[in-house]
Amino acid sequence: MKRIGILSSHNGSGFEYIQKVCKDKVLDANVVVVISNNSNAKVLQKAASFDIPNFIVNSKTYENENLDLIITNLLKEYNCDIIFLSGYMKKIGKEILKEFDKKIINTHPALLPKFGGKGMYGRNVHEAVINSNETTSGVTIHYVDENYDEGEYILQKSIDLSKDETVDSLEQKIKDLEQKAIVEALKTIV
Ligand SMILES: Nc1nc2c(c(=O)[nH]1)N[C@@H](CN(C=O)c1ccc(C(=O)N[C@@H](CCC(=O)O)C(=O)O)cc1)CN2
Ligand SMILES: NCC(=O)N[C@@H]1O[C@H](COP(=O)([O-])[O-])[C@@H](O)[C@H]1O
């Protein structure tokens with residue numbers, strides 16, 4: 001059974017869905033640890049509600065320490081086979097990339113390579129898509145490399161935008177689409 005480590009900065013919607021499909025045995029895997037950089041992240045309470053060990057790793061909880069190394073050691077301590085980024089807002093550093101080469105997966109809320117890179121996260125992405133008068137958007141599940149959103153794609157799923165699409169409506173559509181995309185992608189790996 002594969003062991004999944006989650007990195008998340010806020011709600012962890014992707015984590016929630018992965019947890020569900022693991023419990024429903026749709027995926028032969030288990031979430032074994034959740035790490036956030038944000039002490040207020042709702043994902044921490046969600047992890048606790050499933051009795052999943054969860055940690056806050058930032059410059060306050062680990063003052064003057066190499067956070068990349070702290071995260072790497074935690075993921076190793078829990079023997080993670082796969083690392084899933086569920087709305088994680090920080091750059092994954094070289095220590096983690098080296099230790100978990102081709103094992104770190106991210107979900108990006110757009111059809112890369114468009115609308116990716118620094119600053120392209122959460123609602124910023126949907127605003128950019130709508131302001132660009134795009135007629136489609138979607139989700140990209142990809143391996144993580146040293147730069148934001150440039151890793152090898154695992155899969156992409158697209159949707160059409162309605163004429164009166166809003167950031168809120170697009171955000172919800174993308175989150176719904178992500179649920180299918182995440183499971184489909186993880187099934188090719190697990
Ligand atoms: N080495 C990598 N690290 C991360 C990747 C990646 O592909 N390679 N993906 C991101 C997730 N992401 C998009 O999918 C993403 C997240 C955040 C940013 C960004 O611009 N962040 C800001 C800081 C925001 C904050 O502190 O709240 C920044 O770097 O200035 C871009 C893309 C996760 N890590
Ligand atoms: N560029 C990274 C990025 O924008 N990731 C996006 O954050 C959302 C998760 O947030 P939540 O689970 O905290 O609500 C997801 O929709 C994911 O695509």
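The figures here come from the full heavy-atom set of this structure, side chains too, leaving out hydrogens, waters and symmetry mates. Counting convention: from 1, in listed order, for ligands and their atoms alike.
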For [X], take its heavy atoms, then give the atoms of ligand 2 lying under 4.0 Å from any of them.
{"X": "Y121", "answer": "1 (N), 4 (O)"}
{"X": "G12", "answer": "11 (P), 12 (O), 13 (O)"}
{"X": "G122", "answer": "3 (C), 4 (O)"}

Looking only at side-chain N and O atoms, does [Y] offer a donor or acceptor that is under 3.5 Å from a partner on [X]?
{"X": "Q172", "Y": "D176", "value": "yes"}
{"X": "N38", "Y": "S9", "value": "no"}
{"X": "T107", "Y": "E178", "value": "yes"}
{"X": "S162", "Y": "D164", "value": "yes"}

Nearest-neighbour protein heavy atom for [atom], which is reported as residue plus atom name and distance:
{"atom": "atom 3 (N) of ligand 1", "result": "I92 N, 2.9 Å"}
{"atom": "atom 5 (C) of ligand 1", "result": "Y148 CD2, 3.6 Å"}
{"atom": "atom 7 (O) of ligand 1", "result": "D149 N, 2.8 Å"}

Are the side chains of D149 and H142 in contact, using a 4.5 Å heavy-atom criterion?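 Yes; the side chains approach each other to less than 4.5 Å.
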Answer whether the closest heavy-atom distance between the side chains of D68 and L97 falls below 4.5 Å.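 No. Closest side-chain heavy atoms not under 4.5 Å.
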With only distance considered, is S8 within less than 3.5 Å of ligand 2 through an N or O on each side?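 Such a contact does not occur with ligand 2.
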For ligand 2 and M120, I'd like to know whether there is a polar contact (N/O to N/O, distance under 3.5 Å).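 Yes; at least one N/O pair falls below 3.5 Å.
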Can you tell me which portion of Y121 lies within the under-4.0 Å heavy-atom range of ligand 1? Options are side chain, backbone, both, or neither.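 The answer is the side chain.
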Based purely on interatomic distance, does [X] place a nitrogen or oxygen under 3.5 Å from a nitrogen or oxygen of ligand 1?
{"X": "T107", "result": "no"}
{"X": "K90", "result": "yes"}
{"X": "G119", "result": "yes"}
{"X": "M89", "result": "yes"}
{"X": "Y88", "result": "no"}

Show me which atoms of ligand 1 lie under 4.0 Å from any heavy atom of [X].
{"X": "K118", "result": "20 (O), 28 (C), 29 (O), 30 (O)"}
{"X": "V144", "result": "1 (N), 2 (C), 6 (C), 8 (N)"}
{"X": "G117", "result": "31 (C), 32 (C)"}
{"X": "D145", "result": "1 (N), 2 (C), 8 (N)"}
{"X": "H142", "result": "7 (O)"}

For a quick test of reading the model, state the closest non-hydrogen atom pair linking A185 to L155 and the distance between them.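 Answer, listing the atom of A185 first, then L155: N-CD2, 3.5 Å.
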How long is the straight-line distance from CD1 of I35 back to CG of L74, given to the nearest 0.5 Å?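 Between atom CG of L74 and atom CD1 of I35 there are 4.5 Å.
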Quick test of your reading of the structure: of M89, E178, K175, H126, whose heavy atom lies closest to atom 14 (O) of ligand 2?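 Answer by nearest heavy atom: K175.
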Which one of N147, N106, V125 has a non-hydrogen atom at the shortest distance from atom 14 (O) of ligand 1?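 The nearest heavy atom belongs to N106.
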Taking NZ, NE, NH1 and NH2 as the nitrogens, is one of them in K46 or E16 under 4.0 Å from a carboxylate oxygen of the other?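 E16 and K46: salt-bridged.
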For K23, which of Q19, K20, K25 qualifies under side-chain contact (heavy atoms from CB on, under 4.5 Å)?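 So the option named by the test is Q19.
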Hey, mind stepping through I189 and I105 against side-chain contact (heavy atoms from CB on, under 4.5 Å) and telling me if it holds? CA-CA 10 Å; I189 298 159; I105 295 154; 3.3 Å; yes
Spell out, as yes or no, whether a donor-acceptor pair under 3.5 Å connects the side chain of N147 to the backbone of E150.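 No, because the side chain of N147 does not come within donor-acceptor range (under 3.5 Å) of the backbone of E150.
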